[in-house]
Amino acid sequence: MTRDVKESFGSGPGGPPPAPAALAAKVRTLAPSMTRSMQRVAEAVANDPAGCSALTVTGLAEHTGTSEATVVRTARLLGYPGYRDLRLALAGLAAQQQSGRAPAITTDIAVDDPIADVVAKLAYDEQQTLADTAAGLDTGQLGAAVSAAAVARRIDVYGVGASGLVAQDLAQKLLRIGLIAQAHSDPHLAVTNAVQLRAGDVAIAITHSGSTGDVIEPLRVAFEHGATTVAITGRPDGPVTQYADHILTTSTARESELRPAAMSSRTSQLLVVDCLFVGVAQRTYETAAPALAASYEALAHRHRR
């Protein structure tokens with residue numbers, strides 16, 4: 001069984017260009033999948049939006065040691081119809097940065113850093129990750145995923161490792177508002193359950209890399225059996241999106257020796273999961289509110305002294 005799949009990350013060519021605030025987030029998210037020459041262009045516009053906004057397409061090509069065609073392709077990959085639109089966004093981003101935004105903390109955590117510095121660096125990275133995720137999240141895709149989940153007969157959530165913890169978090173939230181939801185981290189059990197899905201069900205895959213086979217396989221099975229499928233991923237060009245009706249893109253802080261990608265990716269995944277859950281709770285408020293109150297009351301005695 002096949003269905004048309006529309007890959008989406010913000011706005012692509014033909015749609016409205018992303019807001020300036022989303023530009024840096026998109027560069028950080030998409031750069032790993034770009035060619036090296038396109039990476040040079042993307043890094044240049046993210047690191048110096050003011051300077052690059054003053055350059056013509058020829059000037060930026062010379063500045064980055066690339067070609068005009070590479071500059072235009074990079075602009076389009078970032079969601080802008082052409083270089084002129086990218087320049088306008090760069091000018092807007094530069095204006096925002098000059099309006100009093102705090103300087104970025106870019107130093108990695110060192111083994112001998114005082115704990116106070118560790119706290120400050122981690123706090124900044126977490127804030128930046130959340131801001132990037134919010135800026136790059138496609139609310140149209142999110143709304144569609146919410147609509148499907150709110151009326152679903154059943155919701156399966158797939159994730160392994162750190163993403164498996166996020167999958168459990170989402171399933172538990174949905175259970176508390178009266179929905180039938182299960183989280184699966186065992187790949188065999190995930191596929192076994194996915195086979196039982198059909199139209200009217202929802203399957204959600206959580207994978208930062210977008211290439212985790214143990215998550216892709218059950219999503220593919222669910223997709224082929226007619227379920228509505230959602231991918232929460234940091235790589236909107238990853239293999240998992242082949243089987244996703246709706247794509248919710250996360251961001252991540254820069255990986256370092258003492259802070260692997262799993263830590264920062266989980267922060268952005270939890271934000272997306274919370275947005276999805278709150279949206280579903282809003283759509284199902286008449287049943288969600290009593291269910292939430294009942295679950296709270298049932299557990300209240302466990303929190304009393």
Side-chain angles (χ1 to χ4, degrees), residues 1-3 5-9 29-30 32-33 129 133 137 141-142 145 148-149 152-175 179-253 255 259-277 280:
M1 178 178 181
T2 60
R3 300 207 302 274
V5 183
K6 180 180 179 181
E7 179 176 312
S8 176
F9 178 72
T29 299
L30 294 177
S33 62
T129 298
T133 299
L137 188 59
Q141 293 282 296
L142 177 61
R153 179 186 70 99
R154 168 179 155 186
I155 301 170
D156 276 13
V157 192
Y158 313 125
V160 297
S163 295
L165 300 176
V166 178
Q168 291 179 30
D169 180 73
L170 176 57
Q172 289 172 11
K173 285 184 170 77
L174 294 173
L175 282 170
L179 300 184
I180 299 175
Q182 301 179 77
H184 302 288
S185 57
D186 182 305
H188 292 180
L189 188 58
V191 171
T192 300
N193 278 269
V195 170
Q196 306 302 322
L197 299 181
R198 60 178 185 268
D201 297 328
V202 170
I204 301 172
I206 304 176
T207 164
H208 172 64
S209 68
S211 58
T212 306
D214 288 342
V215 172
I216 294 174
E217 185 178 9
L219 191 72
R220 175 186 60 79
V221 173
F223 179 85
E224 292 174 349
H225 281 75
T228 298
T229 52
V230 180
I232 299 176
T233 179
R235 295 294 296 274
D237 58 340
V240 71
T241 61
Q242 297 177 63
Y243 308 108
D245 295 307
H246 309 298
I247 303 168
L248 305 179
T249 307
T250 60
S251 183
T252 182
E255 184 174 6
R259 193 176 192 235
M263 291 176 63
S264 56
S265 65
R266 188 166 67 248
T267 299
S268 55
Q269 289 171 347
L270 286 170
L271 173 61
V272 173
V273 159
D274 280 351
C275 291
L276 181 61
F277 167 73
V280 172

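Hydrogens, waters and symmetry mates are skipped; everything else that's a heavy atom, side chains included, is used.
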If we only count heavy atoms from C-beta on, is the [X] to [Y] side-chain gap below 4.5 Å?
{"X": "D274", "Y": "K173", "result": "yes"}
{"X": "V221", "Y": "Y243", "result": "no"}
{"X": "L276", "Y": "I204", "result": "yes"}
{"X": "Q242", "Y": "I216", "result": "no"}
{"X": "N193", "Y": "L197", "result": "no"}

(request) Among residues two or more places apart or on two chains, list those pairs meeting salt bridge (Lys or Arg N to Asp or Glu O under 4.0 Å) that have a residue in residues 154-167. (result)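 Non-adjacent pairs meeting salt bridge (Lys or Arg N to Asp or Glu O under 4.0 Å): R154-D156.
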
(message) Test: salt bridge (Lys or Arg N to Asp or Glu O under 4.0 Å). Region: residues 203-216. Which pairs qualify, not counting sequence neighbours?
(response)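 Found none.
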
(message) If the condition is salt bridge (charged side-chain N to carboxylate O under 4.0 Å, His left out), which residues does R198 pass it with, not counting sequence neighbours?
(response) none

(request) Enumerate the residue pairs fulfilling side-chain hydrogen bond (donor to acceptor under 3.5 Å, both in side chains) with a member in residues 181-190, sequence neighbours excluded, ordered by first and then second residue. (result)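 Non-adjacent pairs meeting side-chain hydrogen bond (donor to acceptor under 3.5 Å, both in side chains): zero.
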
(request) Using the test side chain to side chain donor-acceptor pair (under 3.5 Å), find all partners of T192 that sit at least two apart in sequence or belong to another chain. (result)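 T192 satisfies side chain to side chain donor-acceptor pair (under 3.5 Å) with no residue once adjacent residues are dropped.
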
(message) Counting neighbours of CG on L189 that are heavy atoms of other residues, nucleotides or ligands and sit closer than 6.0 Å, is the number greater than 12?
(response) yes

(request) Identify which one of V240, T207, T241 satisfies the side-chain contact (heavy atoms from CB on, under 4.5 Å) criterion when paired with L219. (result)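 Only one option passes, and that is V240.
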
(message) List the residues meeting side chain to side chain contact (heavy atoms under 4.5 Å, CB included) with L270, not counting sequence neighbours, and say none if there are none.
(response)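 Residues passing side chain to side chain contact (heavy atoms under 4.5 Å, CB included) with L270: V166, D169, R266.
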
Strictly distance-based, threshold 3.5 Å: is any side-chain N or O of [X] a donor or acceptor partner for the main-chain N or O of [Y]?
{"X": "T250", "Y": "Q269", "value": "no"}
{"X": "S268", "Y": "S251", "value": "yes"}
{"X": "Q141", "Y": "I247", "value": "yes"}
{"X": "T228", "Y": "V202", "value": "no"}

(request) Apply side-chain contact (heavy atoms from CB on, under 4.5 Å) to the pair V215 and I206, showing each step before the final yes or no. (result) CA-CA 7 Å; V215 172; I206 304 176; 6.0 Å; no

(request) Applying side-chain contact (heavy atoms from CB on, under 4.5 Å), run through C275 and L142 and close with a yes or a no. (result) CA-CA 8 Å; C275 291; L142 177 61; 4.0 Å; yes

(message) Distance check, rounded to the nearest 0.5 Å: D201 atom CG versus I155 atom CD1?
(response)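 D201 CG to I155 CD1: 9.0 Å, rounded to 0.5 Å.
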
